[in-house]
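Here is the structure we will look at, set down as structure tokens.
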Amino acid sequence: MMDLSTTYLGMRLPHPLIVGAGPLGDDVDTARALEDAGAALLVLRSLYEEEITGEQMNAFFSAESYSDSFAEAGTYAPDPLVALGPDEYLEHLRLIKSAVRIPVMASLNGVTPGGWTSYAKQIEEAGADGLELHLYHAASDVTCSAAEVERQALEIVRDVKRNLLIPVAVKLAPLLTAFAHFVGQLDAAGADGLVLFTRFHRVDIDVDELEVIRTLPLSDSSELPLRLRGTAAVAGRVKASLAITGGIHSGVDVIKATMAGAHATQMVSALLRHGPKHLRTVHRDIESWMQEHEWCSLNEMRGNMSLERIPDPAAYERANFRMALR
Ligand SMILES: Cc1cc2nc3c(=O)[nH]c(=O)nc-3n(C[C@H](O)[C@H](O)[C@H](O)COP(=O)(O)O)c2cc1C
């Protein structure tokens, strides 16, 4: 009997396959279908700081859209719902919580410390099993230093953690100067988990129409290596649980994530493309792979390829570069 169980944010899960933040939790039917297909946990789409503070919001944030045609459109495709206001968000959270038995996490997306973080308490009171804090950071402000970015993020995490009993995971962007050091600080600030990494909207330029084109194309497995690297760098060095988001599409992707040190793997694009039943395929593929390679549990595999095993990761990487350039 293969043991795929894992502990993520203090929650014991039967396996690491969780549904990442996005439109998949937008309606009850899809949430139930995901539960039926075996999802271990569901993260709802984000509620944005601007929605809470009533500030003007950039239009493309409020209506996340994705560019991919559904392979089997119609049957499970959730409506790309426009951003929910704070009250509707809580109502929606209660609705999904009452519809499924699996743990449901809410998500707050913000950048500046402030009163909006107290909203996390209401999310807890509405029944969320955990909170994902998406500290969206695009590194495009010329007046904001790396130290300031980190200071604000840590302040947000401390503010939220101060009042909450449910676990808090922090979802990070890959654009951080001293990533591993910062992760250590988030760990010390009490983050229960880290979700690596945010995927940015793709910005392109239409040179004929002189327009900026923003799209959020669905991912493929080629996005995974960046996440493997980030996870492998901090696995075994922090108390916080680690989840990978971005490029998880197949059973082998989950095996790689586990070897890098991930406790959970989030899927969004793969489930939007293939529907909830894809969870079963991935689950089955993990089991077959483990059987073939004689692994009994994911726990014994977790982190076996993390950089903790390498005395000087930086020197190792530079050596690899030199060999590649030869
Ligand atoms: C249509 C769409 C909507 C998304 N909405 C959110 C969101 O509200 N909050 C969030 O933190 N991430 C959101 N994401 C990002 C996903 O949670 C995930 O991090 C990203 O898509 C990478 O995972 P994947 O390769 O499995 O798609 C969204 C992604 C897509 C495609």
Side-chain angles (χ1 to χ4, degrees), residues 16-27 30 34 39 41-52 57-58 60-70 76-85 88-89 92-93 96 104-111 123 128 130-138 156 168-174 193-202 214-228 230-231 242-251 253-254 256-257 262 264-276 278-279 282:
L17 306 179
I18 72 184
V19 181
L24 287 150
D26 282 355
D27 70 79
T30 312
L34 289 161
L41 183 153
L42 170 64
V43 188
L44 299 182
R45 69 159 57 230
S46 300
L47 173 64
Y48 291 84
E49 173 182 346
E50 291 85 344
E51 291 288 331
I52 300 169
M57 207 170 163
N58 194 324
F60 86 89
F61 272 129
S62 60
E64 297 261 15
S65 59
Y66 42 95
S67 54
D68 196 64
S69 51
F70 288 103
Y76 55 82
D79 281 338
L81 160 154
V82 253
L84 295 170
E88 294 104 310
Y89 192 89
H92 182 68
L93 168 61
I96 297 295
V104 177
M105 289 180 65
S107 166
L108 278 178
N109 181 319
V111 275
I123 281 178
L131 176 68
E132 206 171 273
L133 262 185
H134 187 172
L135 303 179
Y136 194 93
H137 169 66
I156 294 173
V168 176
V170 179
K171 184 168 179 177
L172 293 177
L194 295 149
V195 184
L196 311 176
F197 291 115
T198 303
R199 249 178 100 231
F200 290 115
H201 288 74
R202 187 165 296 169
R214 296 177 198 272
T215 50
L216 187 56
L218 297 185
S219 71
D220 57 45
S221 299
S222 69
E223 307 219 13
L224 185 58
L226 174 72
R227 277 85 187 170
L228 294 176
T231 304
L242 301 172
I244 286 188
T245 181
I248 299 281
H249 286 254
S250 69
D253 290 341
V254 176
K256 289 179 186 176
T265 46
Q266 302 194 345
M267 276 191 275
V268 175
S269 293
L271 298 175
L272 286 171
R273 193 172 285 143
H274 304 294
H278 190 62
L279 283 163
V282 173

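In this chain, numbering begins with 1 at the start of the sequence shown. Both ligands and their constituent atoms are indexed starting at 1 by order of listing.
- Under the 4.0 angstrom criterion for non-hydrogen atoms, E223 is not in contact with ligand 1.
- Considering both main-chain and side-chain atoms, E132 never comes within under 3.5 Å of ligand 1 through any nitrogen or oxygen pair.
- Comparing M267, H134, R273, K171 by heavy-atom distance to atom 12 (N) of ligand 1, the nearest is K171.
- Every side-chain contact (heavy atoms from CB on, under 4.5 Å) that T245 has, sequence neighbours left out, goes to K171, V195, Q266.
- Those atoms of ligand 1 with a heavy atom of R199 less than 4.0 angstrom away are 21 (O), 22 (C).
- Within the structure, ligand 1 has G247 among the residues with a heavy atom less than 4.0 angstrom away.
- Inclusion of V268 in the set of residues having an N or O under 3.5 Å from an N or O of ligand 1 is warranted.
- Taking every heavy atom of both residues into account, S46 and S107 meet most closely at OG-OG, 2.6 Å.
- In this structure, N109 does not count as a contact residue of ligand 1, since none of its heavy atoms falls inside 4.0 Å of the ligand.
- Between the side chain of E49 and the main chain of V111, a donor-acceptor pair closer than 3.5 Å is present.
- Of all the listed residues (P217, A243, S269), S269 holds the heavy atom that lies closest to atom 27 (O) of ligand 1.
- Inter-residue side-chain proximity for M267 and V282 is flagged as met; some heavy-atom pair is nearer than 4.5 Å.
- At under 3.5 Å, a nitrogen or oxygen of G246, whether backbone or side chain, sits near a nitrogen or oxygen of ligand 1.
- The backbone N or O of P23 sits nowhere less than 3.5 Å from a side-chain atom of R45 that would complete a donor-acceptor pair.
- Proximity annotation for atom 14 (N) of ligand 1: of S107, P23, S221, A21, A21 comes nearest, heavy atoms only.
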